[in-house]
Amino acid sequence: MTPRGASVYRWDVSIMAASISGYTFSSVCYHSANSNSDHEGFLLGEVRHEETVSISDTQISSSELLQVVEVHNHEPCAQLFSFYDYAGQVNEESLNRILKDRRKNVIGWYRFRRNTQQQMSFREQIIHKQLTQLLGVPDLVFLLFSFISTANNSTHALEYVLFRPNRRYNQRVTLSIPNLGNTSQQEYKVSSVPNTSLNYAKVIKEHGAEFFDKDGVMKDIRTIFQVYGALQDKVQSVCGEVEQSERVKEKVQEEVNKLKQQIVLRKRKTTDEERRLQEAQNPEPRLTPEENTEPPETSLLSRVAFHTPSTPERPGPSANPPAYADLLSLQNDSLLPFSSSPTSAALLPRPQAVGSPGHPSPSPLGLGLSAGPNPAAGQEDDEEDDDDDSSEYENLVSEVGQLPPVSASVLLQGRPAALSPDGDASVRGSQT
Amino acid sequence: MAVSAVHLESDAFLVCMNHALSTEKEEVMGLCIGEVDTNRIVHIHSVIILRRSDKRKDRVEISPEQLSSAATESYRLAEMTGRPMRVVGWYHSHPHITVWPSHVDVRTQAMYQMMDQGFVGLIFSCFIEDKNTKTGRVLYTCFQSVQAQKGSEYERIEIPIHVIPHEAIGKVCLESAVELPRILCQEDIQFVFTKNLCSQMSAVSGPLLQWLENRLEQNKQNIIELQLEKERLTQELATM
């Protein structure tokens, strides 16, 4: 897109636009909802540079460099500290183990935290610098998700900001989510302009046959419909594969959980036996009664509830709804049951030709597209100028996992929202 | 109060998010399928995406036909999962506007409650951005309606809602997720022509397929890792 002729180039400030698909975004939310601690992962995608040149009469052309970041997918980390340690030191080996050949597609990373500020923590900044170097992406981005809830848990907000920390200015970038509402082109005309010209009608009629097939359906429509049908069939089939893989994953996960339980039980049995053996050898009464009363830390954490009493515990492996175990035994190779044929010809629209003689074509839609009444007075555009104030959302009690282990009674009384700047506590223990 | 809290399974939450983020030019809606336990907690296991019969921008009412076919659908789901499932609520999206229900929403909710006291309403607010801080926001809330006195206006009451972790995506949720392009196509046929079908394919079907493929890849990877761990644990158990 270089301009021809003599002109002076002026690179204006590069602007960045970033986008992420609704499905990838929802997937991050889903993984975050499934983790009871912070959640992080990598953003995969591509960065494009688009140059727009504008030429004015003075022959001085200015060009704008638009950097477009497209997030295609995310690679979630199974647990925190999987590629860095407490000091924020990134381990390249672990990084490669997590990313494998996807490493070259990494354009950024993300972090999901609850009840924290929309700022990068110190450790995150350190990690970001190292990732920038190791991955060789000079403009590596960081997507920060922050989750807050009202005190009664009836309303929750997920805030997200995309940073490019390696820049001096304009570090925050708008992240757009392309969707149907902003990608389709102009509204389609539904009725033609009334036209009484006989010649016009004659020409249209003569040439009309080229556009319609024998069923009276526009050829283009049928073709596109076939493409759509093929795509939908593909979606169905991949979905079937995903469904099977979900079931297999569930099953193996259950087996792994059972094995872990067995090991824990076995270990406990052996320590009990050893203790009994020791007691048999030393018949004196013990002077330290609290030794046996503290439950092992892991089981305490697993029994602790979420922030309020009405919140359920994270279901243990045995608490899976029986439905899916039943489903596993019913697992078959057939695709998902709804195989209504979307490609049946009966569903094809049969519009009248635009510009049919004499009268406007009655739209097959039959509905006007009048704008509805405005929403009730209570609704306004959600422009909050006082973001950081967050007056709508009181800071909720933080999660259990973010505090050092305390006795169960203290936990039941509720805790103030005391969070370390990082959002994750120093004592978290690994996620199973 | 008829309902003490709502527990939304995370895979159903995923489908709601997918649906809400599919368009910013109009409100989308669907029904929640699940059950109510003895503690008056509503468990939402899955959602059904609905076609909007009224394309006016802010009207999200469900026609009796849709409710009836949803009931049929939940009966089918009950058969499939072996659990008593029924329609327990509805959700819709508020693109660009506040998460709180409008007067129309509150009245609509009140109407559903006449049919079922435990019926709940969910609203997902999305495509919100604070231009100053470049912060994007997605919110969700749960509510019911109550009449302060007989004959007075309905008001909303807040219902606590929690998203429950669910590591694998249930079959029912996957079905609902892929239903979206088909529903859009049907809408398309009613209203517009080929052009929108193309943009739908690229804006919805394409990303959907991409996400499914990614998920499949991730699952395959996870399964391999889990198998290795299973072997390791089996060995460890054997030596104990």
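A quick note: this is a predicted structure, and the numbers were derived from the prediction, not measured. In the text below, chain A, chain B and the rest are named by the order of the sequence lines, each starting its count at 1.
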Enquirer: Do you know which of Val204(B), Asn39(B), Leu233(B) has the most heavy-atom pairs with chain A at a distance under 4.5 angstrom?
Expert: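 Among the listed options, the one with the most contacts to chain A is Leu233(B).
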Enquirer: Sequence neighbours left out, what passes salt bridge (charged side-chain N to carboxylate O under 4.0 Å, His left out) with Arg215(B)? Give chain and number order.
Expert: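 Counting only residues at least two positions away or on another chain, Arg215(B) forms a salt bridge (charged side-chain N to carboxylate O under 4.0 Å, His left out) with Glu246(A).
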Enquirer: Using salt bridge (charged side-chain N to carboxylate O under 4.0 Å, His left out) as the criterion, list what pairs up with Lys134(B), not counting sequence neighbours.
Expert: none
Enquirer: Return the minimal non-hydrogen interatomic distance between Ala168(B) and Glu250(A), and the atom names on each side.
Expert: CB-CG, 3.4 Å
Enquirer: Looking at every heavy atom in both Leu212(B) and Val238(A), which two are closest together, and how far apart are they?
Expert: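 Smallest heavy-atom distance, with atoms named: CB-CG1, 3.7 Å.
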Enquirer: What residue in Ile177(A), Leu158(A), Leu231(A), Leu44(A) has the most heavy-atom pairs under 4.5 Å with chain B?
Expert: Leu158(A)
Enquirer: At a 4.5 Å cut-off on heavy atoms, which part of Lys267(A) comes close to chain B: side chain, backbone, both, or neither?
Expert: both
Enquirer: Side chain, backbone, both or neither: which part of Leu180(B) has a non-hydrogen atom closer than 4.5 Å to chain A?
Expert: side chain
Enquirer: Measure Ser205(B) against the heavy atoms of chain A and call it side chain, backbone, both or neither at under 4.5 Å.
Expert: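 Contact with chain A is through both the backbone and side chain of Ser205(B).
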Enquirer: Which heavy-atom pair separates Asn18(B) from Gly22(A) by the least distance, and what is that distance?
Expert: OD1-O, 4.0 Å
Enquirer: Need one label for Gln227(B): side chain, backbone, both or neither, based on atoms under 4.5 Å from any heavy atom in chain A.
Expert: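 Both parts, backbone and side chain.
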Enquirer: Begin from the C-alpha positions of Leu21(B) and Phe25(A) and carry the test side-chain contact (heavy atoms from CB on, under 4.5 Å) through to its verdict.
Expert: CA-CA 9 Å; Leu21(B) 293 175; Phe25(A) 186 92; 3.5 Å; yes
Enquirer: Sort out for me which of Lys220(B), Arg232(B), Gln221(B), Glu213(B) touches chain A most, counting heavy-atom pairs under 4.5 Å.
Expert: Gln221(B)
Enquirer: Checking heavy atoms, do the side chain of Ser21(A), its backbone, both or neither come under 4.5 Å from chain B?
Expert: side chain
Enquirer: Which bit of Gln218(B) is near chain A, if near means a heavy-atom gap under 4.5 Å: side chain, backbone, both or neither?
Expert: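 Looking at Gln218(B), just its side chain touches chain A.
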Enquirer: Which residue out of Ser22(B), Cys142(B), Gly206(B) racks up the most heavy-atom pairs below 4.5 Å with chain A?
Expert: Ser22(B)
Enquirer: Do Thr155(A) and Glu158(B) meet the criterion of a side-chain donor-acceptor pair at a distance under 3.5 Å?
Expert: no
Enquirer: Between Phe145(A) and chain B, which part of the residue has a heavy atom less than 4.5 Å away: side chain, backbone, both or neither?
Expert: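 Interface part for Phe145(A): neither.
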Enquirer: Would Arg102(A) and Glu217(B) count as a side-chain contact (heavy atoms from CB on, under 4.5 Å) here? Give the steps.
Expert: CA-CA 12 Å; Arg102(A) 280 182 283 262; Glu217(B) 192 55 45; 4.1 Å; yes
Enquirer: Output yes when a side-chain donor or acceptor of Tyr30(A) lies under 3.5 Å from a complementary backbone atom of Ala12(B), and no otherwise.
Expert: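 Not a single qualifying donor-acceptor pair exists.
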Enquirer: Donor-acceptor check, side chain of His156(A) to backbone of Val163(B), threshold 3.5 angstrom: yes or no?
Expert: no
Enquirer: Hey, does the side chain of Asn179(A) reach the backbone of Glu24(B) with a donor-acceptor pair shorter than 3.5 angstrom?
Expert: yes
Enquirer: Would you say Asn34(A) and Ser10(B) are linked by a side-chain donor-acceptor pair, where the criterion is simply a distance under 3.5 Å?
Expert: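 Per modelled atom types, Ser10(B) and Asn34(A) side chains form a pair under 3.5 Å.
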Enquirer: Which atom names give the shortest non-hydrogen contact between Ile263(A) and Met240(B), and what distance separates them?
Expert: O-CE, 3.7 Å
Enquirer: Relative to chain A, which segment of Phe143(B) carries a heavy atom at a distance below 4.5 Å: side chain, backbone, both, or neither?
Expert: neither
Enquirer: Under a 4.5 Å cutoff for heavy-atom pairs, which residue among Lys234(A), His72(A), His74(A) has the most contacts with chain B?
Expert: His72(A)
Enquirer: With a 4.5 angstrom heavy-atom cut-off, could you sort out which part of Tyr140(B) is near chain A: side chain, backbone, both or neither?
Expert: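 For Tyr140(B), heavy atoms of backbone and side chain both lie under 4.5 Å from chain A.
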Enquirer: Might you work through the salt bridge (charged side-chain N to carboxylate O under 4.0 Å, His left out) test for Glu225(B) and Arg97(A), ending with a clear yes or no?
Expert: CA-CA 12 Å; Glu225(B) 287 163 12; Arg97(A) 215 182 319 124; over 6 Å; no
Enquirer: Heavy-atom distances under 4.5 Å only: say whether Val173(A) touches chain B with side chain, backbone, both or neither.
Expert: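 Looking at Val173(A), just its backbone touches chain B.
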Enquirer: Just so I understand: if I count every heavy-atom pair under 4.5 Å between each of Val161(A), Leu175(A), Asn73(A) and chain B, which residue has the most?
Expert: Asn73(A)
Enquirer: Which bit of Asn222(B) comes within less than 4.5 Å of chain A, counting heavy atoms only: side chain, backbone, both or neither?
Expert: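 Only the side chain of Asn222(B) comes within 4.5 Å of chain A.
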Enquirer: Just do the side-chain hydrogen bond (donor to acceptor under 3.5 Å, both in side chains) check on Thr133(B) and Gln118(A) with the steps written out, would you?
Expert: CA-CA 9 Å; Thr133(B) 57; Gln118(A) 287 285 2; over 6 Å; no
